[in-house]
Structures are given as structure tokens and as C-alpha cells.
Amino acid sequence: MSFSILGTGKAVPEYILSNDKLSTMVETTDEWIRTRTGIHNRRIITTETMTELCVSAAKQALEDAEITAGDLDLIICATMKGMYITPSEACVIQKELGASCPAFDVNAACSGFIYAMDVADGFFARGKIKHALIVAFDNLSNMVDWNDRSTCVLFGDGGGAVVLGEGDGLKSIFLTARGNTDVLYAPRGELTSPFETHKGERPVLHMIGQEVYKFAVTNMVRGVRKVVKDAGLEQKDITHMIPHQANIRIIEAAAAKLDIPKENYVINISEYGNTSAGCIPLALDEINKAGKLKKGDYIGMCAFGAGLTTGSCIIQWNK
Ligand code: UT7
């Protein structure tokens, strides 16, 4: 027994940071950002907290699933950095929801949502749980160097949540990791120990964009082909393809090598930029709430990110 998705939610901060506004902060232009990435705006946390947004997404997903926090048997938060080093963001969410189940975080960077679903699948398969909540949220505005135009224009804050229940919605899932600390990383930051002798680096995101770009295209194509085959489907059967929203050119380059109809891609990068682990559940909630999902639809999901990690899966919509 695996799971089906019972409900979805999303949360983004109110403040919209446009390309034009960014052009007053670093040496860039709306035209460069739009043509190189497809991003027009991104949301940035100002007065809200990450936890408030995560809890909001979680409550929407619970309502959509028609269950209460007391029905939850597991909470996983996919994030690179919660509000605290410890406790985990999932424990903070659990406290705010008034739930009493086990809770922990998964850090697989932008692939975190798919990693979290694979972890949850194990709990369902072992018969340990009936309902799980996954919240995927990253607060990258708090991690980028706002003087570095090659990274700060790409990211935004946001995320989403899903409630999972016993079912056979998950058709296939595939994770990979290739350990790498050069092309995409953020150091831990200042050291507080008087004993450690090496120096801590500033905890901002570093990226060799073109290396990540090549990795992304190759591995999106590989991942999607594999999960479609493992699910016993053909690519044309995928009614909604939700790729990680890192760069429209990455999505288009991968799509050109796949046989999924172009109109079946779910793309919202222009309004939110790259929200890391948050991208896929955020987009999923938008198509769910827009009434675009029909019972029986096959949803493809594919993400890549620091690690370097990737995650791909096929889920049948059973609601
Ligand atoms: O979730 C995973 C996270 N990351 C990614 O997925 C990122 C993957 N990589 C990419 O999306 C692209 O590589 C970028 C959008 C990061 C960069 O696009 P690119 O077409 O690969 O540009 P580039 O790095 O080759 O840079 C071209 C030029 C450079 O100037 P010179 O050396 O040609 O004079 C950059 O300095 O563009 C310059 N540049 C900018 N110019 C204006 C870099 N950032 C900016 C900027 N505005 N914001």
C-alpha cells in the first residue's frame, strides 16, 4: 500500500519583488532576467515568518483533504533551512497545528519535496501510517548574496503542502544524488567553537550556473523517461508535467527531448522564480485549486538541485 494525494495548499509572501526593482539593487535588467530565465517577479518574505507560511499551506491542505491535524500520523518538512537549527521546521509546524505525530525535516535542496514523498511512501508501505503531511518550503531570500546578480535574481520564497492518505496514487518514484560541493552550495557559516581551527565561510549560496544548467537538462530527461517507463506508461499519458521551476530555458531544453505535449507543462516561474523545494507543491496546488485536475490524471514531477540531487515521480490523481 502506498499513498494518494488527498489535499494541497500553498503559501507565498505578499511582497512582490519585480525585475525592475532588482535592477535598482544590482547591475541587471528586466530584459536580461526575462530572456535568460523566464522570471518576471518573485515573492520575498518581509513581515511574515517562514513558519506562518508553512502552517498556512498545511492548513489549506488539511482542509482540502477533509481531515484534521489530529488525524496526522507523520509530518515531514522539505527545506534547506528552517526557522531554527533545532528543532526541525516540521516539529515547529506540528506544534502550531496542534498535532502529536512524529515530525522531521528532509534536506535534499530543490529535490526535497520528491525525497519527502519517497520517505513517506516507506511509512505507508510498512503500514505505520494512514495520513501524512508534507510541507515543502524554502526561504532563499535569507540565503542569497543580494550583491551577487548571478544568483539573487533567480530565487524567491514560497512553497506548498500536501496531505497524503493510504492509496495507490504513487505509480513510480526515482531519486538520485551525486555528492558535489563545488557547483551549488551554501556553507554552514560562522563557527562558534573556539576549538575548530578552519574558518567558516559566509553562509550564502554559491553556484556555477552553466554546470547546474547542463546537469539539470540531462537529468530531467533521464528521470522523466525512467519514471514514465517504471509506471508502465507512455510520455503522452502525462496530463500535467510539473518540472522544477529554475529556468524556463532548462524546462524548454528538457521538454524538447521528451514526448510530453508542450501544453501539459505546468509553469509558473514568471511569478515566483525558483522557490527550491517549494516549486512543485506550489504549482500542484495552483492547478488543483484552478480545477484543472481530473480523477485518473497522471501527474509527472521532476526536480534537481544542490547535492547534486534529483527526484522524479508519477502520481495518479485519485480525488
Ligand atoms: O534549483 C537549481 C538552482 N540553479 C539553477 O537551476 C541555475 C541553472 N543555471 C541557469 O539557469 C543559468 O546558467 C543562469 C540563469 C544562472 C545564467 O544564464 P547563462 O545564460 O548561463 O549566463 P552566463 O552565466 O553564461 O552569463 C552570461 C553573462 C555574463 O557576462 P559576460 O561574462 O558574458 O560578460 C554574466 O556576468 O551574463 C552576465 N550576468 C548577468 N547580466 C545581467 C549574470 N547574471 C546577470 C544578471 N544581469 N542578473
Side-chain angles (χ1 to χ4, degrees), residues 17-42 44 78-81 106-115 136-160 175-178 180-186 204-223 242-256 267-270 272-283 301-312:
L17 178 60
S18 67
N19 291 347
D20 285 333
K21 172 70 184 163
L22 260 174
S23 314
T24 67
M25 297 168 59
V26 285
E27 199 182 334
T28 191
T29 59
D30 173 53
E31 208 252 331
W32 192 96
I33 304 172
R34 263 190 299 108
T35 53
R36 297 284 180 134
T37 71
I39 301 167
H40 297 193
N41 296 303
R42 70 286 292 142
I44 302 292
T79 189
M80 284 189 270
K81 194 175 165 195
V106 162
N107 177 353
C110 304
S111 311
F113 178 64
I114 314 263
Y115 265 68
F137 195 104
D138 272 310
N139 178 195
L140 282 165
S141 66
N142 199 18
M143 283 174 67
V144 293
D145 177 351
W146 284 98
N147 295 311
D148 176 9
R149 67 176 183 176
S150 67
T151 52
C152 75
V153 303
L154 304 174
F155 299 99
D157 299 326
L175 308 181
T176 71
R178 185 200 296 171
N180 180 300
T181 51
D182 300 321
V183 301
L184 186 52
Y185 69 98
V204 293
L205 202 75
H206 300 263
M207 183 176 73
I208 304 174
Q210 290 186 357
E211 292 292 317
V212 181
Y213 191 106
K214 282 183 264 174
F215 172 84
V217 176
T218 309
N219 286 282
M220 273 183 69
V221 173
R222 200 172 285 159
I242 310 180
H244 178 45
Q245 314 277 317
N247 186 327
I248 193 70
R249 291 189 295 138
I250 292 176
I251 297 171
E252 285 169 357
I267 294 170
N268 62 9
I269 188 172
S270 68
Y272 303 120
N274 181 349
T275 58
S276 184
C279 286
I280 290 177
L282 201 167
M301 302 178 184
C302 181
F304 56 86
L308 295 165
T309 57
T310 75
S312 311

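Order of listing sets the numbers, starting from 1, for every ligand and every atom in it. Numbers here are sequence positions counted from 1. The analysis underlying the following values was restricted to heavy atoms, covering all of them including side chains, and did not include hydrogens, waters or symmetry mates. Being a predicted model, the structure only gives us computed values, none of them experimental.
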So what's ligand 1 close to, N/O to N/O, under 3.5 Å?
| residue | atom | partner | partner atom | Å |
| --- | --- | --- | --- | --- |
| ligand 1 | 1 (O) | His244 | NE2 | 2.9 |
| ligand 1 | 1 (O) | Asn274 | ND2 | 2.9 |
| ligand 1 | 9 (N) | Gly209 | O | 3.0 |
| ligand 1 | 11 (O) | Asn247 | ND2 | 2.7 |
| ligand 1 | 13 (O) | Gly209 | O | 3.4 |
| ligand 1 | 18 (O) | Arg249 | NH2 | 3.4 |
| ligand 1 | 20 (O) | Arg36 | NH1 | 2.8 |
| ligand 1 | 20 (O) | Arg249 | NH2 | 2.9 |
| ligand 1 | 22 (O) | Arg36 | NH1 | 3.3 |
| ligand 1 | 25 (O) | Gln210 | NE2 | 2.5 |
| ligand 1 | 36 (O) | Arg149 | NH2 | 3.0 |
| ligand 1 | 37 (O) | Trp32 | NE1 | 3.4 |
| ligand 1 | 41 (N) | Trp32 | NE1 | 3.4 |
| ligand 1 | 47 (N) | Thr28 | OG1 | 2.6 |
| ligand 1 | 48 (N) | Thr28 | OG1 | 3.1 |
| ligand 1 | 48 (N) | Arg149 | O | 3.0 |

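Side chain of Asp20 to backbone of Asp30: no donor-acceptor contact under 3.5 angstrom is found. Remark: the backbone N or O of Lys81 is not paired with any side-chain donor or acceptor of Asn107 at under 3.5 angstrom. Between the side chain of Asp157 and the backbone N or O of Ile44, no donor-acceptor pair lies under 3.5 Å. Side-chain N or O atoms of Arg42 include none that pairs as donor or acceptor with a backbone N or O of Tyr272 at under 3.5 Å.
Side chain to side chain, Ser18 and Asn41 fail the donor-acceptor criterion of an N or O pair below 3.5 Å. Side chain to side chain, Ser276 and Asn274 fail the donor-acceptor criterion of an N or O pair below 3.5 Å.
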